[in-house]
Protein chains: 2
Amino acid sequence: MDRFMQAAFDEARRGHEEGGVPIGCVIVHDDRIIGRGHNRRVQQGSATRHGEIDALEQCGRQPAEIYRESRLYTTLSPCVMCSGAIELYGFRHVIVGENVNFVGAEDRLRSLGITVDVLQDESCIELMQRFIREHPEIWYEDIGR
Amino acid sequence: MDRFMQAAFDEARRGHEEGGVPIGCVIVHDDRIIGRGHNRRVQQGSATRHGEIDALEQCGRQPAEIYRESRLYTTLSPCVMCSGAIELYGFRHVIVGENVNFVGAEDRLRSLGITVDVLQDESCIELMQRFIREHPEIWYEDIGR
């Protein structure tokens, strides 16, 4: 796993240790992580704090060109809301840990000219599968339906 | 203005009084407001707390059917991120105060079978225009570009 997907995976694992949905995300500008986060549905009772949204929040308010020049790494294929956030901020390159457990709006992103690489990383696949097995009710309440 | 758009407008006005982007939103289930909020980009240094996201946050974690049975009122046409949130949670009916100052992803929502009514309410139009005149730099940093 490259170091940025490793950092996203570490976020996912931290979420899992907190009892939350194990999806992590980092935003990388000039080979430096400028925002990192994980899904906080359980931890904050939040319907919108997906990993990608959380990482964007951690970036603070950046100038538009910073987002456009950044890569977004997420352990799971981004849902329609997070894909909308990716579109809104003009990211050009998204790296996805896996889309075995969930396929988000990748096709929509690609149709907008955004590069979406899917790694099918075994660690990401296994952690997500483990969570779905352990907490199907939370998964199906979140983006799993 | 009907009472729910009035409540969304009150949220927008509150945001304006706080020095923020004046966009408000309420989520209505069974003729009762279950979540209300406004854009907090300025107030919280947030890139994702648009009015719709903020209102969803205020709802907490609701069962899927609650969102599907709810109407979402927003003073301004919803951007691609907020439209993605609307799609994610399965809202079927969105009422928009105006789309004179900004046209979001209404067509995408309609293509998904979601009803989008645009009221072109004069109060919503004027408040937004006033903010864009007062703070073009914030508006163009947010969804205005």
Side-chain angles (χ1 to χ4, degrees), chain A residues 20-21 25 27 34-35 37 39-68 70 72 78-91 102 104-105 108-109 111-112 114 137-145, chain B residues 20-21 25 27 34-35 37 39-68 70 72 78-91 102 104-105 108-109 111-112 114 137-145:
Chain A
V21 186
C25 176
I27 296 169
I34 60 168
N39 186 302
R40 297 181 195 266
R41 164 174 288 269
V42 173
Q43 298 93 315
Q44 295 189 5
S46 168
T48 67
R49 277 284 183 130
H50 283 185
E52 297 88 335
I53 301 291
D54 196 44
L56 273 166
E57 281 297 285
Q58 307 294 337
C59 288
R61 288 163 61 186
Q62 297 289 336
E65 64 268 24
I66 298 290
Y67 300 112
R68 279 199 301 267
S70 293
L72 185 143
C79 79
V80 284
M81 174 179 67
C82 295
S83 296
I86 289 165
E87 182 182 349
L88 177 65
Y89 283 107
F91 288 91
F102 176 79
R108 185 181 287 168
L109 291 177
S111 77
L112 296 164
I114 298 167
E137 74 293 354
I138 299 175
W139 175 240
Y140 289 104
E141 178 193 323
D142 198 340
I143 62 174
R145 53 178 183 280
Chain B
V21 185
C25 177
I27 295 169
I34 61 168
N39 185 301
R40 297 181 195 267
R41 164 173 287 269
V42 172
Q43 299 92 316
Q44 295 188 4
S46 169
T48 67
R49 277 284 183 129
H50 284 183
E52 298 87 335
I53 300 291
D54 196 43
L56 273 166
E57 281 297 284
Q58 307 294 336
C59 287
R61 288 162 61 187
Q62 298 289 336
E65 63 268 25
I66 298 291
Y67 299 112
R68 279 198 302 267
S70 293
L72 184 143
C79 80
V80 284
M81 173 179 67
C82 295
S83 296
I86 289 165
E87 181 182 349
L88 177 66
Y89 283 108
F91 288 91
F102 175 79
R108 184 181 289 169
L109 291 176
S111 77
L112 297 164
I114 299 166
E137 74 292 354
I138 299 175
W139 174 239
Y140 289 104
E141 178 193 324
D142 198 338
I143 62 174
R145 56 182 179 278

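Every chain is numbered from 1 and lettered A, B, ... according to where its sequence line falls, protein lines coming before strand lines.
- At a heavy-atom separation below 4.5 angstrom, chain B is approached by A:I53, A:L56, A:E57 within residues 51-58 of chain A.
- Among pairs with a residue in residues 78-90 of chain A, those fulfilling salt bridge (charged side-chain N to carboxylate O under 4.0 Å, His left out) read A:E87-B:R108, at least two apart in sequence or across chains.
- Both the backbone and the side chain of A:T48 come within less than 4.5 Å of a heavy atom in chain B.
- The CE atom of B:M81 sits 8.5 Å away from the CE atom of A:M81 when rounded to the nearest 0.5 Å.
- Here the CZ atom belonging to A:R61 is positioned 11.5 Å from the CD atom belonging to B:Q44, to the nearest 0.5 angstrom.
- Rounded to the nearest 0.5 Å, atoms OG (A:S83) and CG (A:L112) are 9.5 Å apart.
- Most heavy-atom pairs under 4.5 Å with chain A: of the set B:S46, B:G60, B:C82, this distinction falls to B:S46.
- Here the straight-line distance linking atom CD1 of B:I86 with atom CG of B:L72 works out to 5.0 Å at 0.5 Å rounding.
- Using bins of under 30°, 30° to 60° and over 60° for the plane-to-plane angle, the ring pair A:Y89/A:Y67 lands in the tilted bin.
- In this structure, the side chains of A:F91 and A:L109 stay at 4.5 Å or more apart for every pair of heavy atoms.
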